[in-house]
Amino acid sequence: MDKIKGISASRGIAKGKVHFEELKELEEIEEKRIDESKIDEEVESLEKAIDKAKEELKKIKEKTENEVGKEEAEIFGAHLMFLDDPEFTGTMKEKIKEESFAAETAVTKVMQKYVVMFENMDNEYMKARKTDIEDVSRRIVDKLKGEEDVSSEVADNTVVIAKDLTPSMTASLDKDKIAAFVTAIGSRTSHTAIMSRSLGIPAIVGAGEEILDAVKEGDKVIVDGSSGELIVKPDQQTLEEYDKKIAEYKEKLALLEKYKDKKAKTKDGEEIEVAGNIGNTADVAGVLENGGEGSGLFRTEFLYMGRDSIPDEDEQFEVYKEVAEKMEDKPVIIRTLDVGGDKDIPYLDLAEEMNPFLGYRAIRLCLDRKEDIFKPQLKAILRASNYGNIKMMYPFVSSFEEVIEANKVLEEAKAELDDKDIEYDKEMEVGIMIETPAAVMIADKLAKEVDFFSIGTNDLIQYTTAVDRTNEKISELHNPYHPGVLKLIREAIDKAHENDIWIGMCGAAAGNPLLLPFLLGAGLDEFSMSPASIPELKKKLENWTREEAKEVVDKALTMKTSAEVKDYFEQISE
Ligand code: PEP
Ligand code: MG
């Protein structure tokens, strides 16, 4: 049994038998020249081949639109555009006329020029477009040789393995019979990845060229598209293990199917907002696919990472705007920068600290760097608020003054936009995260300054129980069942409601089904979690009414230990 690791391109697990699809490499075509007397004839053959290729592509586009989707069919729309581009096909003709190249050679030469151009682009997506050029060029050459477009016949439960799969190869396969795709090269933005995600077929890309030797036609394999692992000739124990995983995954999919388009409701029909946390524009799709009703936390720090300077106002605006638009009017809570703690950003030159989690972090840093960090971000968020349903919140609040000062900078940011007649949502809601015990203690005062609260349990647990959330040695202690933590959560919810503001939760506890009765009973208004947890939470919500859940709160708060609380939550969640 061998295990090979690649890039997870499309989630899901499957087992099946290997079938190799061969990728024809055009680069290997021999350079041929023709006699000058044959030039006109050669140009004519090329034109005919291009026309034939166009006819085929129109059919494939239609088929893909019916079988997969409009967006995926556009891949072939792009191929058709190449064939209509005089720069592309015109240069091929010139190469025949001026350099007496055979049509095949002319196609290859032009293709190579474009491939180099795409390979040199910095954008991953554009880089991956080189496959389109190769694919469409290969189609022309096939037509020149008189080869028809044939579909590969495959058996049921086939795992297709290839060096790379072009869009045309993927389109010609019978999707009903394919259990999974694995390619040696390619990235998450390659067509195989995009198509398999749309089809819901597990896929691994970039598994390395050694798979082409490590696996033989007909071998039994397991493809774990979620972890990116390919298991060759699994033993009995592994097969049984994966049969269980496959069954669990199917159950999850069924749950997703059932709850995706259903509003989250309690047993007695009260609608509850269930949302997903995001870290970038691409994550929005995951929230929508899982049936999320918005995002209760957009962690903007990821925008600042993996680069060497602060993203400027315009760059941030574009990202926030895209998120707002992609979310289709569902609410998105953008959290202002939360770095420091365990998240370092080298170009900010943060000094090393003895206790970074208790130090120069999040709102503290932003209030110290108003002009170069905080205000540009606030302005970008305000501008984006004009394009969707945006709310904003400050993280790691531990004092009243911080909120007053942050809101003052917000007013300055608004005034600067007003001066330039730049529009924004004047009613944009502004909230704070409840992540420190101090914030809970003064919640009644804070509630008068903001529109909402969102409890960040990851930090609230750490600061309440003095348990470093990143220390693996004490990870057991970082749990939401501690009676002290539960008491603070209830207190924060009560104080929000007494002051007529709403309160959500975006820490991991919001997606923990065991805590659901407690949070519901305590009166939480919004739950925001990792998108994959949404369907299960919606299901669990149907088991409770707020009234019934209130008893859970009273009972849990009489308990003395985390273990006792957890046991109780487990009992009632069966
Ligand atoms: C939290 O602390 O619970 C939270 C949601 O914020 P983060 O995990 O990003 O610190
Ligand atoms: Mg936090």
Side-chain angles (χ1 to χ4, degrees), residues 252 255-278 284 286-298 327-333 389-391 393 429 431 433-434 447 451-458 460 480 485-486 488-556 569 572-574:
K252 221 171 160 185
L255 202 66
L256 180 63
E257 205 45 52
K258 181 161 175 214
Y259 287 96
K260 197 178 138 196
D261 302 317
K262 240 178 156 179
K263 199 107 190 63
K265 279 187 190 157
T266 60
K267 193 158 81 181
D268 53 348
E270 182 188 340
E271 287 190 0
I272 304 284
E273 197 168 332
V274 176
N277 296 346
I278 58 172
V284 176
V287 173
L288 299 178
E289 277 161 21
N290 283 287
E293 287 147 13
S295 176
L297 169 65
F298 177 6
M327 206 53 103
E328 301 158 356
D329 265 340
K330 295 181 174 73
V332 181
I333 305 180
N389 188 352
I390 286 185
K391 306 175 200 297
M393 66 182 175
E429 286 185 34
M433 288 193 70
I434 299 288
D451 301 306
F452 67 91
F453 286 162
S454 180
I455 307 173
T457 45
N458 309 338
L460 186 63
V485 173
L486 296 181
L488 286 175
I489 292 174
R490 206 226 351 221
E491 173 89 359
I493 297 174
D494 285 348
K495 287 290 171 278
H497 290 164
E498 282 165 22
N499 289 282
D500 298 321
I501 64 169
W502 65 270
I503 176 162
M505 178 177 283
C506 58
N512 179 342
L514 289 182
L515 277 159
L516 175 75
F518 181 90
L519 299 176
L520 187 70
L524 195 74
D525 299 302
E526 175 240 31
F527 296 68
S528 191
M529 62 206 68
S530 136
S533 309
I534 295 174
E536 194 184 347
L537 208 89
K538 281 190 179 176
K539 180 174 174 228
K540 292 271 187 266
L541 260 174
E542 289 182 343
N543 296 341
W544 295 90
T545 67
R546 288 248 195 222
E547 272 318 297
E548 287 167 353
K550 275 183 187 160
E551 284 173 31
V552 175
V553 179
D554 293 338
K555 187 155 179 196
F569 286 172
I572 58 169
S573 90
E574 260 139 38

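Below, each value reflects all heavy atoms present in this structure, side chains not excepted, and no hydrogens, waters or symmetry copies.
Closest of all the heavy-atom pairs between P531 and V287 is CG-CG2, 3.8 Å. For the pair L486 and A556, the tightest heavy-atom approach, listed with the atom from each and the gap, is CD1-CB, 4.4 Å. The two residues P535 and A532 make their nearest non-hydrogen contact at CD-O, 3.6 Å. Across K391 and P331, no two heavy atoms sit closer than the pair CE-CB, 3.8 Å. The shortest heavy-atom contact between M327 and S295 is CE-CB, 3.7 Å. The shortest heavy-atom contact between N499 and A447 is CB-CB, 3.6 Å.
With rounding to the nearest 0.5 angstrom, the OH atom of Y259 is 9.5 Å from the CG atom of L541. Between K265 atom NZ and E271 atom CD the span is 5.5 Å, to the nearest 0.5 Å. Rounding to the nearest 0.5 angstrom, the gap separating the CH2 atom in W544 from the OG1 atom in T266 is 12.0 Å. How far CE of M433 is from OG of S454: 5.0 Å, rounded to the nearest 0.5 Å. In this structure, SG on C506 lies 7.5 Å from CD1 on I333, to the nearest 0.5 angstrom. Rounded to the nearest 0.5 angstrom, M505 CE and M529 CE are separated by 10.0 Å.
Under the 30°/60° scheme for interplanar angles, the aromatic rings of F452 and W502 are found to lie parallel.
At least one side-chain heavy atom of V552 sits under 4.5 Å from a side-chain heavy atom of I572. The side-chain heavy atoms of H497 and D525, taken from C-beta on, include a pair separated by under 4.5 Å. When side chains are defined from C-beta on, T545 does not count as touching E270, because their heavy atoms never get closer than 4.5 Å. By the 4.5 Å heavy-atom criterion applied to side chains, K258 and K539 are not counted as neighbours. Looking only at side-chain heavy atoms (C-beta outward), N543 and L516 stay at 4.5 Å or farther from each other.
Applying the side chain to side chain donor-acceptor pair (under 3.5 Å) test to every pair with at least one member in residues 526-536, sequence neighbours left out, gives these pairs: N277-S528.
Under the 3.5 Å distance criterion, the side-chain polar atoms of R490 are left unmatched by any main-chain donor or acceptor of V553. Using modelled atom types, one side-chain atom of N512 and one backbone atom of L514 make a donor-acceptor pair closer than 3.5 Å. The backbone N or O of L288 lies less than 3.5 Å from no partner atom in the side chain of K260, so there is not a single donor-acceptor pair. D451 places no side-chain N or O within 3.5 Å of a backbone atom of G431 that could act as its donor or acceptor partner. Between the N458 side chain and the A508 main chain, a donor and an acceptor come within less than 3.5 Å of each other. The main-chain N or O of K262 is found under 3.5 Å from a side-chain atom of K538 such that the two form a donor-acceptor pair. T457 places no side-chain N or O within 3.5 Å of a backbone atom of L460 that could act as its donor or acceptor partner.
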- Task: Could you please spell out the steps behind the side chain to side chain contact (heavy atoms under 4.5 Å, CB included) verdict for I501 and E429?
- Result: CA-CA 11 Å; I501 64 169; E429 286 185 34; over 6 Å; no
- Item | CA sep, side-chain torsions, deciding dist, call: I455, I493, side chain to side chain contact (heavy atoms under 4.5 Å, CB included) | CA-CA 9 Å; I455 307 173; I493 297 174; 4.3 Å; yes
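The side chain to side chain contact (heavy atoms under 4.5 Å, CB included) test applied to K495 returns A443, D444, E491, E498, not counting sequence neighbours.
With a 6.0 Å radius and a threshold of 12 heavy atoms from other residues, nucleotides or ligands, E542 has its CD atom above the threshold.
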